[in-house]
Amino acid sequence: MERKMNSERFCWGFWSVVILKRDKGTQLNQSTNQSTLKIGSTPLRKSSIRCFCQSVSTANSLTSIVNPQQPAGHDRLKSSTAAQRRCVIRCSNSINGKGFKDDSVKNVEKLLEEKRRAELSARISSNEFTVEESSFQAQLKNNLSKLGVPKEVLEFVFSFAGDPEDDHPRIPEAKGSAKIIGGEPFFIPLYKLYQKYGGIFKLTFGPKSFIIVSDPSIAKHILKNNPKAYSKGILAEILEFVMGKGLIPADGEIWRVRRRAIVPALHQKFVAAMFGLFGEATDRLIKKLDAAALDGEDVEMESLFSRLTLDVIGKAVFNYEFDSLKVDTGIVEAVYTVLREAEDRSVAPIPFWEIPIWKDISPQLKKVNKALKLVNETLDGLIAICKKMVEEEELQFHEEYMNEQDPSILHFLLASGDDVTSKQLRDDLMTLLIAGHETSAAVLTWTFYLLSKEPSVLAKLRDEVDSVLGDRFPTVEDMKKLKYTTRVINESLRLYPQPPVLIRRSLEDDVLGEGEDIFISVWNLHRSPKHWEEADKFNPERWPLDGPNPNETNQNFSYLPFGGGPRKCVGDMFATFETVVAVAMLVRRFDFQLALGAPPVKMTTGATIHTTEGLNMTFTRRKIAPIVPTPTLYSNAEVKSDEVSSAIS
Ligand code: HEM
């Protein structure tokens, strides 16, 4: 049974969650040049302010000056914080709306953040949030045991939470105001609570509670052993407006039918055919970075990676050339308007989009609806074109069917005779577009951040790329040899999992009770000192090159970069290859570092883990010969599927 929250509204990201509680002290103070949103006496972060202001540019206008001489598609941002005035290239439609902040604003924010952290740590250690309730743990242990979870596993799990027979049971319930986790990306306080309360605890705010799971065995139970007992809960509610009943939010029969239709479309021959696409898109980014390097300009990489992956996924899913690294067309803007809205909804303190009068008067909602209309019409157009192509072609459909001119997922689905309504098909395409775009862009962003901090890893990575690739685009055969590059991606996904939390709601009284909202904290699993040596260290060497690729199965659910069980990511192989290709081509071509004078790179939550103010970097050319493109876009289409499987084993 799906439940809606009413008396107190908490808001959840569609991948991830920021919890904010609006109380009597909430005030919006917007003057001509300053907007300050406060909860009580605490100013909110920019991302939170954004959802009130309904405009990224409003928040950014505080600190950035746009240079009108910049070519179309980009603004030039001048930083008042930089020692020298440096220029930064970024994409005008960055979903994050990055920009440098004024020093005084930053200092105040820093102080407030430090104060909040210190307060939270003190309150957690004083047991302020601890509630004694011995039956919960005993009941849970009993239920898990009935389900056949081995005794040793239970002992191990419950050793974190305390012994129910103990005279002083340490019951894992954290209680308090939502404000305690409002000041920073929500998964950071959840980590602190995890250290205090263990692998499973209940987080209660007023009438609402959540179960936070950071234990591999329980995560495995929910995701793999009994997934039917859990729905996507809040996630589906937030995503409805954009994904409808697409594969990510869908549950039950609709999910089962759609998953069965879509998974075969990402067959190995299709993934192999995508290498040309990955290479060509990265090459366009390289050209852009080359130009910036020549002009001595810094670049905002988060928005550029977002464009790279949008170009890739548009072509792969429905054969559409966004070309967003080159031009800002109406459709690119519409896609970002829709994505930004999804992010804003995920951090909004009230579901403003459900207020009847708001729907009619809000300019933002009108803009979103207009953008959605354009995206939907474009998708309908693409579906119609593709249908015609399928009708006219003579190719017989088979397991690894692929049209050489249009190897897209849409083409596969239509050729397979998929019996689906056009609304459902559109929902699925939109879901794939968003799922495959945000996540891969975030992985590239944090990988480059990590590499800029760890020169020894970069040097080793370069050695591998130089020796394997030489002077050409990567192919599927190279994946077998680009092992260290793959480990770099594996490790980046461990430190910055996208999304940092998986959301579920229990549909029946499985082991946690019915109707519970559950967060499986992948962040906690991936950063736990219980599972990882030097858990916070970026150390790709932790997985031997001659060992298997790390995944949830061989890491026993303490590593969940692509989820697990029947709802595991359908694009894991696609995404791994896409990011390996991009990293390999970029590190081969450029030296890079964090831009001098740029703000420190901090995290914030949106759909995935974003930076607060962009990843501003300086790129310079390495002294090597340029990579020569392969002749055609889909030139790898002929690669045999067994070459793909051996590449990833
Ligand atoms: C590095 C990039 C990616 C990461 C880190 C990632 C991560 C994930 C994770 C963790 C899940 C499980 C969510 C859950 O259990 O609640 C998921 C599901 C999903 N992903 Fe990905 N993903 C990536 C790329 C892609 C790509 C490229 C596509 C499409 C081509 C894609 C399509 C999907 C879909 C459709 C689902 C839902 C599957 C279902 O519920 O049956 N993802 N992804």
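Whatever order the structure lists ligands and atoms in, that order sets their numbers, starting from 1. Because only heavy atoms are used, hydrogens play no part in the values below, and waters and symmetry mates are left out as well, while side chains stay in.
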- Determine, step by step, whether Phe574 and Phe278 satisfy the ring-ring contact (aromatic ring centres under 6.0 Å, His included) criterion, reporting the C-alpha distance in whole Å, the side-chain angles of both residues, the deciding distance to 0.1 Å, and the verdict. CA-CA 10 Å; Phe574 180 102; Phe278 301 154; 5.2 Å; yes

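- Checked against salt bridge (Lys or Arg N to Asp or Glu O under 4.0 Å), Arg567 has the following partners two or more places apart in sequence or in another chain: Asp251.
- Checked against the 6.0 Å centroid criterion, the rings of Phe270 and Phe412 do not qualify as a close aromatic pair.
- Taking the six-membered ring where the residue is Trp, Trp523 and Tyr496 present perpendicular rings, their angle passing 60° and hence far from 30°.
- Stacking of Arg504 on the aromatic ring of Phe210 is not recorded, the 6.0 Å distance cut-off and the 45° axial limit not both being met.
- Under 4.0 Å from ligand 1, heavy atoms of Phe562 appear from its side chain as well as its backbone.
- Residue-ligand proximity, Leu493 to ligand 1, at heavy-atom distances under 4.0 Å covers atoms 5 (C).
- If you check each of Pro566, Cys569, Gly565 against atom 20 (N) of ligand 1, the one with the closest non-hydrogen atom is Cys569.
- Within the set Trp255, Tyr496, Phe577, Tyr230, the minimum heavy-atom distance to atom 41 (O) of ligand 1 is found for Trp255.
- Near Pro499, the atoms of ligand 1 lying under 4.0 angstrom from a non-hydrogen atom of the residue are 10 (C).
- When Arg258, Arg259, Met243, Arg256 are checked for heavy-atom proximity to atom 39 (C) of ligand 1, Arg259 turns out nearest.
- Atoms of ligand 1 lying under 4.0 Å from at least one heavy atom of Ala435, given by number and element, are 24 (C), 25 (C), 31 (C), 32 (C), 33 (C), 42 (N).
- Taking every non-hydrogen atom of Arg504 and a distance limit under 4.0 Å, the qualifying atoms of ligand 1 come out as 14 (C), 15 (O), 16 (O).
- Just one of Thr421, Asp380, Thr431 meets the side chain to side chain donor-acceptor pair (under 3.5 Å) condition when paired with Arg426; it is Asp380.
- In terms of polar-atom proximity, Lys568 is not counted as a contact of ligand 1, lacking any N or O under 3.5 Å from an N or O of the ligand.
- Side-chain contact check for Leu432 versus Leu247: every heavy-atom pair is 4.5 Å or farther apart.
- With ligand atoms numbered from 1 in the order given, ligand 1 contributes 14 (C), 16 (O), 40 (O) to contacts under 4.0 Å with heavy atoms of Lys232.
- Scored by the side-chain contact (heavy atoms from CB on, under 4.5 Å) test, Arg256 finds Glu253, Arg260 as partners (sequence neighbours excluded).
- Phe275 and Phe577 have their aromatic ring centers within a separation under 6.0 angstrom.
- Within ligand 1, the atoms closer than 4.0 Å to a non-hydrogen atom of Pro561 are 5 (C), 7 (C), 10 (C), numbered from 1 in the order shown.
- Closest to atom 1 (C) of ligand 1 by heavy atom, among Ile434, Val443, Ile262, is Val443.
- Proximity to Ala575 (heavy-atom distance under 4.0 Å) selects the following atoms of ligand 1: 1 (C), 2 (C), 24 (C).
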